[in-house]
Amino acid sequence: MTFFHEQLGILRAKVLQMAAHAERAVENSFDSFLNKDQEMAQEVIERDQDINALEVEIDNVSLKLLALDQPMARDLRFIVGCMRLVIDLERIGDEAVNVAERTIFMSNLPTQAVSPLMEQLTAMVRDMFLKAIAAFREGDAELAAQVCRLDASVDEQHFKVVKNAMNVSACDNTIMERAIHRIMVAKAMERIADQATNIAETTIFIVKGVSVKHHCMPF
Amino acid sequence: MTPTPYKIVSKGLNFYYSKFLALTDINLEVQANRVTALIGPSGCGKSTFLRCLNRMNDLIPGTRVEGELTLDGEDIADPKLDVVELRRRVGMVFQKPNPFPKTIFENVAYGLRVGGVNGKHYLSEQVEKSLRRAALFEEVKDRLHQSALGLSGGQQQRLCIARALAVEPEVLLMDEPASALDPIATQKIEELIHELKSNFTIIIVTHSMQQAARVSDMTAFFYMGKLIEVDQTEVIFTRPAHRQTEDYITGRFG
């Protein structure tokens with residue numbers, strides 16, 4: 001294996017490390033929301049800097065490889081893909097922080113059982129995100145395409161959550177504040193699903209060399 | 001990139017060095033007024049193919065061609081073909097600059113003189129035009145009658161290009177034309193290739209992937225005497241169709 005390909009291996013390991021951090025942030029922020037766990041939410045907020053630091057590091061490694069080795073074909077696509085991926089992972093970290101911050105905020109409000117619609121949404125987004133990362137890790141374009149298709153059902157579920165929150169708060173003003181926070185949390189989750197879709201699209205780009213962004217036809 | 005008519009067409013071309021089959025079943029269409037890069041590892045047949053195009057291989061005893069190879073529909077391999085005329089139409093620039101031990105002027109005028117042109121005024125005009133086309137005139141205009149051997153490597157190579165252009169060829173074959181030059185001289189040659197393609201069909205053999213990517217419109221990948229893949233350069237370097245092409249351009253060979 002050439003020195004360059006060893007460096008590509010290191011780049012891949014770092015991206016997977018960042019993905020693992022983002023995965024923990026997603027899992028813990030969702031769990032903190034569902035279980036009203038302030039301590040866990042606080043941890044998500046504090047650990048976000050690890051994700052940010054990895055983004056900077058991976059950017060530097062990628063730039064160096066592009067400048068010094070002038071990669072071609074799948075190597076080029078992989079590096080460009082990694083540079084896109086870290087932007088999505090960093091944003092996923094930020095959305096997890098948004099969920100965690102709302103969780104802490106909502107802990108000061110009168111408690112209420114978590115709605116089943118929210119439980120379903122968290123499960124759907126978790127599933128999408130984990131599949132997107134697995135597709136990248138395994139270079140599995142089929143699984144990535146499956147992730148892209150899941151996004152529509154998350155959007156639909158998000159809409160249901162918003163509708164439900166509006167209906168509930170319309171009947172009872174005292175729970176309006178909680179409903180608004182729930183809408184914000186649902187929005188953050190829906191955004192995570194969007195980023196997972198981006199990761200899946202990037203994976204298809206790396207594996208097949210075609211762009212499927214914005215439902216465009218491959219080249 | 002809009003496709004242009006085919007200038008050179010190779011169909012089922014086989015080439016032998018005595019019993020050794022160096023090129024197998026090469027099917028390649030070279031578009032007019034485009035730069036086609038031939039890439040591949042050493043010994044893959046790319047230079048052999050290039051030399052088939054102006055019959056330079058005729059100089060090697062025991063070589064043999066099978067199949068079809070045409071320039072504007074005319075059979076290049078036809079034994080009755082005037083090879084001198086073919087080489088006027090299909091000029092060549094080599095890896096190492098090889099100016100004649102003559103003046104700059106005489107180097108460029110040489111092909112014309114051999115072709116029977118003697119008119120002083122016409123010669124001067126053609127020499128200046130060729131030197132301008134090769135982006136060298138401004139640098140040498142005050143020393144046209146000094147020895148060409150006093151020029152730098154990069155200038156010598158552009159002089160060789162001017163010499164090739166002086167006889168008004170239609171096709172320019174370049175066999176690693178910048179491999180002996182520094183980055184600045186290389187850049188000049190590459191810019192020159194860009195400018196020349198509006199008037200000439202250029203085929204370039206290069207070992208530099210970056211150079212092929214920078215200068216060519218089409219890229220053909222040769223491996224072990226076979227043409228593995230030919231496509232638009234941007235396709236070859238971003239998403240080649242064949243695994244062997246991908247492995248070669250990403251340095252995963254061997």
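Just so it is clear, the values below take in all heavy atoms, side chains as well, and ignore hydrogens, waters and symmetry mates. A, B, ... follow the sequence lines: proteins, then strands. Residue 1 opens every chain.
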- Flag, side chain of B:E246 to backbone of A:A73, donor-acceptor distance under 3.5 Å: no
- Specify the closest pair of heavy atoms between B:T250 and A:H5, including all atoms of both residues, with the distance to one decimal. O-CE1, 3.0 Å
- Near A:K36 NZ, under 6.0 Å, is it more than 12 heavy atoms from other residues, nucleotides or ligands? yes
- Has B:E66 got more than 12 heavy atoms of other residues, nucleotides or ligands less than 6.0 Å from its CD? yes
- Task: Determine whether more than 12 heavy atoms belonging to other residues, nucleotides or ligands lie under 6.0 Å from atom CE of A:M40.
- Result: yes
- Which heavy atom in A:M72 sits nearest to a heavy atom in B:A213, and how many Å separate them? CE-CB, 4.1 Å
- Task: May I ask you to test the B:R252-A:D75 pair for a side-chain heavy-atom distance under 4.5 Å?
- Result: yes
- Looking only at non-hydrogen atoms, find the nearest pair between A:T2 and B:G251 and report the distance. CG2-O, 4.0 Å
- Query: Who in residues 76-95 of chain A is close to chain B, using a strict under-4.5 Å heavy-atom cut-off?
  - Reply: A:L76, A:R77
- Could you tell me whether A:E6 atom CD has more than 12 heavy atoms of other residues or ligands within 6.0 Å of it? yes
- Message: Can you confirm whether B:I184 is buried at CD1, in the sense that more than 12 heavy atoms of other residues, nucleotides or ligands lie under 6.0 Å from that atom?
- Response: no
- Query: Taking the side chain from A:Q70 and the backbone from B:Q210, do they hold a donor-acceptor pair closer than 3.5 Å?
  - Reply: no
- Is A:F105 atom CZ crowded by more than 12 heavy atoms from other residues, nucleotides or ligands, each under 6.0 Å away? no
